[in-house]
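Values reported hereafter were calculated over all heavy atoms of this structure, with side chains retained and with hydrogens, waters and symmetry mates removed.
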There are 2 protein chains.
Amino acid sequence: MLSPGPSLDLMFQALADPTRRLMLERLTKGPATVSQLAAPFSMSLPAVVQHLGVLEGSGLVRTEKIGRVRTCHIEPIAMRTAEDWIGERRTTWEKRLSALDAYLRRTE
Amino acid sequence: MLSPGPSLDLMFQALADPTRRLMLERLTKGPATVSQLAAPFSMSLPAVVQHLGVLEGSGLVRTEKIGRVRTCHIEPIAMRTAEDWIGERRTTWEKRLSALDAYLRRTE
DNA sequence: AGCATACTTAAGTAACCACTTAAGTATCAT
DNA sequence: ATGATACTTAAGTGGTTACTTAAGTATGCT
């Protein structure tokens, strides 16, 4: 392991689990309480809350507790951070490829 | 854990480690042999090869061995798969937000 | 007050992950 | 053929992750 980074670690780690991606997908349709978020899954509530903790720790999700109900929603800015990291590297490589391609065509 | 998916699991898992992201970053600048890829890191060669295995297993990197040298390069298509998954969810949520915003302004 | 709801805390476990060292194999160079 | 290079295989270890069950706390309802 090297540098901790601005928490790309935590974001990608959070995205690496299918349960958490489904939870994120659910939150795409609007905010949800912990119970609502847990409903589709067959696992225990504490397990769901632990997943939620990972999502929140990564910054991808924000939650707020009012009374006894905790409500969760997506944080699009954090999503963009992860997305951008991939995008930058991908396009750099694609540019290299097309430059090589052009070169090969020229020397052809 | 639920569905395995088309291996978004493996891609995001691969991206979750800073060493692997650095390796990917290196490969952005062009193909590299295993030794070249390992050079910047202080860890053992087998450790680097294990990381490389994760990257390759996720489809983000492709390698080919010629003689005794294994050469590695980025697979931009796989990168795009991961990128797109995030992007779709992020934009859906952003649309929801701006729709809500517009609604609030109208009723204001 | 008494009971249900909505989490929360704690503790334990089995599987996985990121390394390590040591030893091995396949090529290439002389 | 000999030695160096470029990985490869195997086995082990300590830390983390994804759960579990059991019990606890805080809030809202009647």
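Nucleotide D/dT20 holds its C1' atom 12 Å from the CE atom of A/Met43, rounded to whole Å. Note: CG (A/Leu52) to P (C/dA6) measures 16 Å, nearest angstrom. The CZ-P distance, from B/Phe12 to D/dT17, rounds to 18 Å in whole Å. Between B/Gln50 atom CD and C/dT21 atom P the separation is 13 Å, expressed in whole Å. Distance, A/Asp9 CG to D/dT16 P: 13 Å, rounded to whole Å. In this structure, A/Leu37 places its CG atom 14 Å from P of C/dA6, rounding to the nearest Å.
Using a 4.0 Å cut-off between charged nitrogen and carboxylate oxygen, A/Glu25 and A/Arg21 do not count as a salt-bridge pair. In this structure, A/Arg80 pairs ionically with B/Glu94, as a charged nitrogen and a carboxylate oxygen lie closer than 4.0 Å.
Note on A/Ser44: a side-chain N or O is less than 4.0 Å away from OP1 or OP2 of D/dT20. Look at A/His51 and you won't find any side-chain N or O under 4.0 angstrom from OP1 or OP2 of D/dT17.
Within residues 58-71 of chain B, the residues that place at least one heavy atom under 4.0 Å from DNA chain C are, in residue-number order, B/Gly67, B/Arg68.
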Contact list (N/O, under 3.5 angstrom) for nucleotides 15-17 of chain C vs protein:
none

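When each of B/Ser35 and A/Pro46 is assigned the nucleotide of DNA chain D with its nearest heavy atom, B/Ser35 is the one assigned upstream, toward the 5' end. Projected onto DNA chain D by closest heavy-atom contact, A/Leu45 and B/Thr33 fall at different nucleotides, the more 5' of which corresponds to B/Thr33.
One distance of note links CZ of B/Arg20 with CG of B/Leu55; it measures 6.5 Å at 0.5 Å rounding. With rounding to the nearest 0.5 angstrom, the CD atom of B/Gln13 is 9.0 Å from the CG atom of A/Asp17.
Side-chain atoms of B/Thr71 and B/Glu64 form no donor-acceptor pair, as typed in the model, at a separation below 3.5 Å. Defined by atom type and a distance below 3.5 Å, a donor-acceptor pair is missing between the side-chain atoms of B/Arg89 and A/Thr28.
At a threshold of 4.5 Å between side-chain heavy atoms, the hydrophobic network of Ile, Leu, Val, Met, Phe, Trp and Tyr places B/Leu52 and B/Leu15 in one connected group.
The aromatic rings of B/His73 and A/Trp93 lie parallel to each other, with less than 30° between the two planes, well short of the 60° mark.
Looking at residues two or more places apart in sequence or on another chain, you find a side-chain contact (heavy atoms from CB on, under 4.5 Å) between B/Leu100 and B/Leu104.
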